[in-house]
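Heads up: the structure comes next, in structure tokens.
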2 protein chains.
Amino acid sequence: MQTLSKNQQIIFDLINKSPEPLKAYTILYNVQKKGIKAPLQVYRALDKLVEIGKIHKIESRNAFIACHNSSCQVAKATAFSICEICEKVTEISNDSLSKYLANFKDKDGMKYIKYNLEFFGLCKKCKVK
Amino acid sequence: MQTLSKNQQIIFDLINKSPEPLKAYTILYNVQKKGIKAPLQVYRALDKLVEIGKIHKIESRNAFIACHNSSCQVAKATAFSICEICEKVTEISNDSLSKYLANFKDKDGMKYIKYNLEFFGLCKKCKVK
DNA sequence: TTAAGATTGTTATAATATAACACTATGTAA
DNA sequence: TTACATAGTGTTATATTATAACAATCTTAA
Ligand SMILES: [Zn+2]
Ligand SMILES: [Zn+2]
Ligand SMILES: [Zn+2]
Ligand SMILES: [Zn+2]
């Protein structure tokens with residue numbers, strides 16, 4: 001368990017209480033009142049938070065979400081579901097899936113140390129509309 | 001089988017013969033001699049080529065690769081392996097994997113219509129170094 | 001023919017991310 | 001306690017990736 005620096009903590013708190021993934025410049029806008037004024041300050045904190053697994057980047061959206069999967073292989077094994085209408089993003093925590101992917105080997109003899117999976121579709125709410 | 005427009009064909013040809021994923025502005029630079037001068041011309045062709053499944057976007061790299069998996073579910077079901085040293089990217093074509101993912105259902109009752117999976121690791125060459 | 005839809009060309013601008021440099025805080029080990 | 005390494009901060013400038021808006025042209029099918 002890592003102690004976060006001031007900027008890291010401010011930015012993690014914001015992401016962690018957000019119901020939706022946040023983009024870097026949205027974060028910047030929201031922490032300016034706390035003294036974080038420049039993009040680099042945000043990106044540096046984001047990099048570190050991703051590295052230690054407190055947050056994940058949703059690559060297809062250039063946005064960041066807090067890890068709600070305390071036992072997960074942090075930055076090394078991530079899976080998300082993304083609603084293409086309301087943009088709701090949920091981290092998938094599924095033993096079968098993570099085992100399957102962790103053990104997956106392709107024919108090229110590549111050794112995988114990390115993966116990221118993004119599912120797209122319609123969430124329960126948007127499906128019925 | 002769709003016929004490509006002029007710009008789409010020029011840009012597809014470039015990507016298709018490239019041994020590595022290409023970024024949009026690299027593409028722009030390389031097709032300027034063919035009369036494509038503006039980023040939008042490139043992005044519009046890329047959007048269409050992705051939509052019809054002739055190319056895929058490698059989200060974690062903001063780069064584009066030709067689909068070498070003629071029977072694949074095109075834009076709807078993609079998987080790649082990415083070497084973190086040499087950045088070699090390979091499209092994974094594996095029936096077990098695609099079946100597993102196509103049938104995957106999470107507990108939220110979300111209906112998936114698409115997925116993208118990126119594995120990271122070391123390719124055979126980089127592993128021995 | 002003609003109208004709809006797709007594609008193109010162009011300029012400007014938005015959104016995302018990093019380089020470079022100087023400085024400060026923190027922990028660790030002689 | 002000092003001094004060294006490592007991590008974090010603040011700042012300005014700039015690079016990279018992507019889209020808005022508008023007018024013109026091409027393609028295709030009723
Ligand atoms: Zn997680
Ligand atoms: Zn939804
Ligand atoms: Zn493909
Ligand atoms: Zn490699």
Side-chain angles (χ1 to χ4, degrees), chain A residues 1-15 18 20-65 74-75 82 84 87 89 116 118, chain B residues 1-15 18 20-65 75 82 84 87 89 116 118 120:
Chain A
M1 207 57 176
Q2 182 126 4
T3 69
L4 302 179
S5 74
K6 181 168 67 88
N7 288 2
Q8 289 160 14
Q9 188 69 58
I10 290 169
I11 286 170
F12 175 71
D13 288 344
L14 181 69
I15 296 172
S18 168
E20 61 194 0
L22 295 177
K23 294 179 158 252
Y25 278 73
T26 303
I27 293 167
L28 176 59
Y29 179 81
N30 279 285
V31 296
Q32 279 180 331
K33 55 200 164 213
K34 304 221 170 175
I36 296 176
K37 294 178 199 154
L40 243 201
Q41 295 174 288
V42 172
Y43 280 104
R44 284 196 287 224
L46 290 173
D47 284 350
K48 190 67 182 187
L49 291 167
V50 166
E51 184 192 324
I52 64 179
K54 299 281 287 182
I55 66 172
H56 303 301
K57 182 173 185 181
I58 310 300
E59 292 285 356
S60 65
R61 300 297 186 261
N62 298 317
F64 299 85
I65 190 175
V74 297
I82 303 170
E84 291 194 303
E87 291 292 325
V89 174
N116 179 57
E118 298 181 4
Chain B
M1 208 55 177
Q2 183 126 4
T3 70
L4 302 179
S5 74
K6 180 170 69 91
N7 289 1
Q8 288 160 14
Q9 189 69 58
I10 291 169
I11 286 169
F12 174 71
D13 287 344
L14 182 69
I15 296 172
S18 169
E20 62 194 0
L22 295 178
K23 295 181 157 247
Y25 279 73
T26 303
I27 292 167
L28 176 58
Y29 178 81
N30 280 284
V31 295
Q32 280 181 330
K33 54 202 164 211
K34 305 221 169 175
I36 295 175
K37 294 179 200 153
L40 243 202
Q41 295 173 288
V42 172
Y43 279 104
R44 284 195 287 222
L46 290 173
D47 284 350
K48 190 66 183 187
L49 291 167
V50 165
E51 184 192 325
I52 64 179
K54 299 281 287 180
I55 66 172
H56 303 302
K57 181 174 186 181
I58 310 300
E59 292 286 357
S60 65
R61 299 297 187 262
N62 298 316
F64 299 85
I65 191 175
I82 302 170
E84 291 194 303
E87 292 292 326
V89 174
N116 179 57
E118 297 180 5
F120 305 89

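Chain letters run A, B, ... following the sequence lines, proteins first and then strands; every chain starts at 1.
Of the inter-residue distances, the one linking Phe64(B) atom CZ with Ile55(B) atom CD1 reads 6.0 Å to the nearest 0.5 angstrom. Note that CG of Asp47(A) and CG of Leu40(A) are 9.0 Å apart. Values are rounded to the nearest 0.5 Å. Taken to the nearest 0.5 Å, the NZ atom of Lys23(B) stands 9.5 Å off from the NZ atom of Lys57(B).
To the nearest angstrom, P of dA15(C) lies 16 Å from CD1 of Ile27(A). Between the CG atom of Leu28(B) and the P atom of dT10(C) there is a distance of 13 Å, rounded to whole Å. Distance Leu49(B) CG to dT8(C) P: 10 Å, rounded to the nearest Å. Rounded to whole angstrom, the span from the CD atom of Gln9(A) across to the C1' atom of dA7(D) amounts to 16 Å. One interatomic measurement links the two molecules: CD1 of Ile52(A) to C1' of dA7(D), which rounds to 13 Å at whole-angstrom precision. The NZ-P distance, from Lys34(B) to dT8(C), rounds to 15 Å in whole Å. Rounded to whole Å, atom P of dA7(D) lies 9 Å from atom CD of Glu51(A). One interatomic measurement links the two molecules: CG of Leu4(B) to C1' of dT8(C), which rounds to 15 Å at whole-angstrom precision.
No donor-acceptor pair under 3.5 Å is formed between the side chain of Lys34(B) and the backbone N or O of Asn7(B). Looking at Glu118(A), its side chain does come within 3.5 Å of a backbone N or O of Glu59(A) through a donor-acceptor pair.
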Treating primed atoms plus P, OP1 and OP2 as sugar-phosphate and everything else as base, which nucleotides of nucleotides 16-21 of chain C get B, S or - for protein heavy atoms under 4.0 Å?
BBBBB-

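By the 4.5 Å heavy-atom criterion applied to side chains, Asp13(A) and Gln9(A) are counted as neighbours. A heavy-atom distance below 4.5 Å is found between the side chains of Ser60(A) and Ile82(A).
For the residue pair Ala24(B) and Leu46(B), the shortest heavy atom distance occurs at CB-CD1, 4.0 Å. Val42(A) and Ile11(A) make their closest contact through CA-CD1, 3.8 Å (heavy atoms, listed as atom of the first residue, atom of the second, distance).
The residue Gln8(A) sits close only to the backbone: its heavy atoms come under 4.0 Å of sugar-phosphate atoms, none of a base.
Contact annotation: Lys48(B) side-chain N/O to dT7(C) OP1/OP2 distance is under 4.0 Å. For dG9(C), one of the phosphate oxygens OP1 or OP2 lies less than 4.0 angstrom from a side-chain nitrogen or oxygen of Lys6(B). For the OP1/OP2 pair of dT10(C) and a distance below 4.0 Å, the side-chain nitrogens and oxygens of Lys37(B) include at least one atom meeting the criterion. Contact annotation: Gln41(B) side-chain N/O to dT8(C) OP1/OP2 distance is not under 4.0 Å. Using a 4.0 Å cut-off, no side-chain N or O of Ser5(B) falls inside it from OP1 or OP2 of dC26(D).
For the helix from dT1(C)-dA30(D) to dA30(C)-dT1(D), the angle separating the two terminal helix axes comes to 40°, with each axis derived from five pairs and the value rounded to 10°.
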